[in-house]
Amino acid sequence: MPADHGRDGASTTTIHPVASASHARAEARAALLARTSAAVATATLVPSPDPRGSTAELDAVLAAPAARAGEPGLRALLLRQSLVARVLLAAEPGGSPVSDLGVEAQLDELLELVAAHGLSLFGADAQMLRARRALLAGDEEAALSAVATGLAHLEEPVLVDHAPTVAEHRHNVRCARRLAASTLVSLGLHDLADTLVEQPADDGTGGYDRVRLGVSWGLRLERAGRPGGERLRDALAVAGRLCHHASGTERPLLAAAGVLACPSRGPAPTPEERRVASRGAAALAAGTVVPSQHDRLIVELARSRALERAGDDDAAVAVLATRRARPPRGEASLMLAVTRELARLRTRIATSGGPRHAAETALGEYVADLEAELWALHRARALSLRTGLAHDRLRREHGQVTALALADPLTGLPNRRALDRHLEEVLAGPGSPAVAMIDVDRFKQINDTTSHARGDEVLRGVATALRSSLRAPDLVARYGGDEFVVVLPDTAVADAAAALGRARAAVAELPAAQGRPVTLSVGVVAARGGEGPEDVLARADAAMYAAKRAGGDAVRTHDGPPTGALPVSRG
């Protein structure tokens with residue numbers, strides 16, 4: 001943007017918001033998200049029709065200029081989606097390992113964005129993805145630790161993702177809860193997952209995750225010799241309401257719920273029941289594409305039971321033996337159900353006719369003892385997770401108390417006390433920081449002619465726009481009233497003025513107050529060697545006040561002598 005250089009050495013930059021530029025950014029964002037969603041949809045099918053193509057498309061999206069230079073929240077969202085796809089692809093039997101899919105580098109970048117910009121919602125996603133990565137490696141202890149941290153993130157009162165709309169934020173929260181729930185189900189912690197899975201809507205939509213949870217939970221209870229029929233019947237009831245809305249990839253799990261909810265033991269099936277079971281097995285065999293490896297295991301367990309009930313024991317064994325030979329990664333809990341079912345079938349075949357009944361009984365008792373031990377281990381794992389979660393909550397609560405003492409309660413920005421500490425450290429260190437004083441134009445009129453509540457809303461909007469428009473190392477603090485201070489480490493005045501110009505333009509896009517855009521007067525100066533916080537703030541304040549006297553809505557730099565004591569905040 002052209003700058004007007006005055007004779008006194010000061011410079012004023014006036015930037016007017018351009019609606020078309022904002023529209024173009026929104027369209028670029030939407031295009032990136034659409035490309036990512038399409039690639040993830042392809043990658044997460046089991047089996048994926050084009051794993052190489054989908055990962056190449058995800059890499060291309062992340063390398064696009066709009067994704068690299070966009071706001072941190074968008075970058076984090078794109079990384080989150082890419083990682084979900086890659087982790088699911090890595091679970092495929094015989095598929096590419098995590099290292100070959102670029103999971104490590106992208107997860108590190110996501111964690112850095114979370115730490116730098118306070119993106120707590122994506123922090124929860126990052127921890128669940130860490131847990132998924134640990135499950136792929138068979139490290140359940142590391143997975144439990146990551147899950148505990150992720151659940152603590154989800155319990156924070158404010159989940160930050162920098163989404164541009166409330167609708168997108170709510171969608172991101174739902175996705176984070178679904179990722180957490182599916183990770184808990186893979187760990188066999190169904191009772192905790194139950195608190196995260198949404199109830200289906202009245203029209204039956206939104207219940208697929210609840211069917212998956214109910215079926216998996218019922219199978220887990222069966223394995224431990226506990227009644228799981230109620231969970232399976234509940235899953236079947238939800239599946240019945242979903243059948244008219246389900247996609248082709250969702251139907252196999254819904255059909256599996258119907259098979260598994262039927263008693264697997266009891267009187268010999270009638271010829272009609274055998275024919276029904278045979279048709280069910282054929283339908284499940286046709287459902288070759290499903291949304292996850294977990295779903296594929298459930299479908300294969302159901303198909304095996306249908307074949308057994310149809311009288312084709314050898315085919316039932318073949319289904320499970322094939323899966324046992326090529327197990328997916330990261331689904332150890334459900335694979336144990338496959339192994340148990342296979343052992344039961346093979347023992348029954350070997351002992352048919354009665355002469356070897358004692359052997360079957362002995363093997364059944366051994367399996368029962370083993371399952372009892374595994375159940376105790378499962379409860380111990382759940383207790384360990386809850387203990388870790390409790391410790392994480394206490395640590396976060398302690399950190400929040402400390403942070404509150406240095407935070408402005410209205411905007412959440414650092415307060416004057418935190419600013420003073422930070423500015424002393426920056427001025428004492430190497431480099432030459434830039435400091436900006438910012439004042440909201442006509443703020444007193446907004447309070448007087450509308451309401452103080454509207455004034456508070458304007459201040460919160462300005463705070464969010466400033467924080468989102470600047471770099472992670474730049475400190476944005478509320479100085480008092482309607483004034484803000486920005487400290488930009490090791491930044492030239494011209495670069496700082498350009499950055500504050502972009503921030504001012506972002507503020508101008510906020511909802512209008514009194515029918516006029518919200519505008520800022522900004523003064524930017526470079527800190528001088530040996531200068532203290534009061535001196536540099538006084539010069540920044542003088543530059544800001546010069547911009548305000550000239551009509552406001554401008555960024556002005558000022559390198560004149562210090563002006564002395566700081567004036568009080570102005571409305």
Side-chain angles (χ1 to χ4, degrees), residues 44 46-47 87-88 90-95 128 131-140 143-144 147 178-194 197 208-226 228-229 231-232 235 239 249-250 252-257 259-261 264 284 287 290-306 316-317 319-345 367 370-371 373-375 377-379 381-382 385:
T44 53
V46 176
V87 166
L88 289 176
E92 179 71 27
M128 293 303 166
R132 285 284 185 181
R133 179 189 61 182
L135 284 175
L136 292 172
D139 189 350
E140 289 195 2
L144 286 169
V147 164
R178 289 187 66 194
L179 177 60
S182 66
T183 304
L184 289 166
V185 168
S186 292
L187 281 163
L189 299 172
H190 303 92
D191 47 351
L192 288 175
D194 188 42
V197 176
Y208 187 82
D209 290 337
R210 187 144 292 278
V211 175
R212 177 192 288 131
L213 170 63
V215 172
S216 181
W217 201 346
L219 290 171
R220 181 66 185 88
L221 291 168
E222 275 188 3
R223 256 195 319 114
R226 287 159 172 76
R231 298 293 178 187
L232 292 169
T249 59
E250 292 175 335
L253 179 67
L254 305 184
V259 172
L260 294 170
S264 58
L284 288 169
V290 291
S292 72
Q293 295 292 341
H294 192 89
D295 295 358
R296 177 155 71 176
L297 291 178
I298 289 175
V299 170
E300 289 175 345
L301 278 165
R303 182 184 169 203
S304 173
R305 287 200 184 175
V317 167
V319 170
L320 299 178
T322 300
R323 181 51 54 217
R324 184 76 180 83
R326 284 175 55 81
R329 300 187 183 110
E331 295 292 348
S333 179
L334 198 53
M335 270 306 300
L336 192 54
V338 172
T339 302
R340 176 182 181 274
E341 193 84 351
L342 183 60
R344 182 186 65 78
L345 271 170
V367 171
L370 176 61
E371 291 297 344
E373 182 178 350
L374 288 171
W375 180 257
L377 177 61
H378 164 74
R379 302 316 301 168
R381 285 165 51 195
L385 175 58

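This chain uses plain numbering: 1 for the first residue, then up along the sequence.
- Checked by atom type and distance alone, the side chain of Arg326 pairs as donor or acceptor with a backbone atom of Pro93 at under 3.5 Å.
- Ile298 has its side chain within reach of His294: a pair of non-hydrogen atoms, C-beta onward, lies under 4.5 Å apart.
- Contact of the Glu331 side chain with the Ser292 side chain is not registered, since no non-hydrogen atoms from C-beta on lie closer than 4.5 Å.
- A distance of 6.5 Å separates OG in Ser186 from CG in Leu135, rounded to the nearest 0.5 Å.
- Between atom CG of residue Leu219 and atom CG of residue Leu297 there is a gap of 10.5 Å, rounded to the nearest 0.5 Å.
- Residues satisfying the side-chain contact (heavy atoms from CB on, under 4.5 Å) test with Pro252, not counting sequence neighbours, are Val290, Val299.
- Under the 4.5 Å side-chain criterion, counting only non-hydrogen atoms from C-beta, Pro328 is in contact with Met335.
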Exercise for review: Any chance you could lay out the side chain to side chain contact (heavy atoms under 4.5 Å, CB included) test for Met128 and Ser182, step after step, and finish with the verdict?
Suggested key: CA-CA 9 Å; Met128 293 303 166; Ser182 66; over 6 Å; no
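- In this structure, the side chain of His190 engages the main chain of Gly188 through a donor-acceptor pair within 3.5 Å.
- Heavy atoms only, all atoms of each residue included: Ala193 and Ala181 are closest at CB-O, 3.7 Å.
- Closest approach of Ala239 and Ala257 over heavy atoms only: CB-CB, 4.3 Å.
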Practice item. Give the intermediate values and the outcome of side chain to side chain contact (heavy atoms under 4.5 Å, CB included) for residues Val46 and Asp295. Key: CA-CA 9 Å; Val46 176; Asp295 295 358; over 6 Å; no
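- Here Tyr208 contributes atom OH and Leu254 contributes atom CG; the two are 6.5 Å apart, rounded to the nearest 0.5 Å.
- Here the CG-CZ distance, from Leu320 to Arg340, works out to 12.0 Å after rounding to the nearest 0.5 Å.
- By the salt bridge (Lys or Arg N to Asp or Glu O under 4.0 Å) test, Arg231 is found to be paired with no residue, residues two or more places apart in sequence or in another chain being considered.
- Applying the salt bridge (Lys or Arg N to Asp or Glu O under 4.0 Å) rule to Arg324 yields no partners; only residues at least two apart in sequence or on another chain are considered.
- When the options Asp191, Leu179, Leu189, Leu213 are evaluated for a side-chain contact (heavy atoms from CB on, under 4.5 Å) with Leu184, the one that passes is Leu189.
- Residue Leu284 holds its CG atom at 11.0 Å from CG of Leu301, rounded to the nearest 0.5 Å.
- With values rounded to the nearest 0.5 angstrom, Leu253 atom CG is found 7.0 Å from Arg212 atom CZ.
- Residues satisfying the salt bridge (Lys or Arg N to Asp or Glu O under 4.0 Å) test with Glu250, not counting sequence neighbours, are none.
- A search for salt bridge (Lys or Arg N to Asp or Glu O under 4.0 Å) contacts involving Asp194 returns Arg210, not counting sequence neighbours.
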Review point. Given the rule in the salt bridge (charged side-chain N to carboxylate O under 4.0 Å, His left out) test, do Glu300 and Arg303 qualify, once you have shown the distances and angles that lead to the verdict?
Key: CA-CA 5 Å; Glu300 289 175 345; Arg303 182 184 169 203; over 6 Å; no
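- Closest non-hydrogen pair, Ala143 versus Leu187, comes out as CB-CD2, 4.3 Å.
- Residues Arg323 and Arg296 are in side-chain contact: their nearest non-hydrogen atoms beyond the backbone lie under 4.5 Å apart.
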Exercise for review: Please test Arg220 against Arg226 for side chain to side chain contact (heavy atoms under 4.5 Å, CB included), starting from the C-alpha separation and ending with a verdict.
Suggested key: CA-CA 9 Å; Arg220 181 66 185 88; Arg226 287 159 172 76; over 6 Å; no
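- Taking Leu88 as the reference, Thr44, Val84 meet the side-chain contact (heavy atoms from CB on, under 4.5 Å) condition, with sequence neighbours excluded.
- Val185 places none of its side-chain heavy atoms less than 4.5 Å from the side chain of Val197.
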Practice item. Start with the C-alpha distance between Ser304 and Leu345, add both sets of side-chain angles, then the distance that settles side chain to side chain contact (heavy atoms under 4.5 Å, CB included), and finish with yes or no. Key: CA-CA 10 Å; Ser304 173; Leu345 271 170; 3.5 Å; yes
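- Side-chain contact between Arg305 and Leu260 is present, with heavy atoms from C-beta onward closer than 4.5 Å.
- Nearest heavy-atom pair, Ala131 versus Thr183, reported as atom, atom and distance to 0.1 Å: CB-CG2, 3.9 Å.
- Looking at heavy atoms from C-beta onward, Leu232 lies in side-chain contact with Glu222 at the 4.5 angstrom threshold.
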